[in-house]
Amino acid sequence: MGGEPCVEDGSIRNGELVACRFWVTVQGMHPQTGETTNHKDCAMAWMPVLMIENSKVNRETGAAVESFRNEMVKANDVNTQVLIATANNKLIEG
């Protein structure tokens with residue numbers, strides 16, 4: 001940033017303690033190996049990885065919503081058939 005070399009959190013520069021707000025720790029599970037990961041790096045370096053992960057989660061959420069919608073359509077069809085059958089029985093009896 002600004003042409004200066006990146007400084008890790010807690011580094012000392014010119015005898016002063018400096019901290020970079022972009023230096024972050026990402027903890028979680030590696031999606032391919034399943035290993036627990038605890039890695040520090042610049043937030044700018046994490047952006048592509050986190051954007052890919054965010055896209056993956058969004059796709060999974062979309063699939064879950066579509067599946068739920070399909071189940072609701074089926075349930076509504078069954079309810080409609082029950083209501084029609086009930087109405088027809090009342091017309092025949094009445």
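Just so it is clear, the values below take in all heavy atoms, side chains as well, and ignore hydrogens, waters and symmetry mates.
Not counting sequence neighbours, S67 has no partner by the side chain to side chain contact (heavy atoms under 4.5 Å, CB included) test. The side chain to side chain contact (heavy atoms under 4.5 Å, CB included) check on N76 picks up N79, with sequence neighbours excluded.
Contact of the Q27 side chain with the T25 side chain is registered, since non-hydrogen atoms from C-beta on lie closer than 4.5 Å.
For residues 33-55, the pairs satisfying side chain to side chain donor-acceptor pair (under 3.5 Å) are H30-T33, with sequence neighbours left out.
For the atom pair CE (M44) and CH2 (W23), the distance works out to 13.0 Å, reported to the nearest 0.5 Å.
Under the 4.5 Å side-chain contact rule for hydrophobic residues, L50 and I52 do not share a cluster.
Within 6.0 Å of atom CD in E66, 12 or fewer heavy atoms from other residues, nucleotides or ligands are found, so the atom counts as exposed in its surroundings.
Between T86 and the options N89, L83, V82, a side chain to side chain contact (heavy atoms under 4.5 Å, CB included) holds for only V82.
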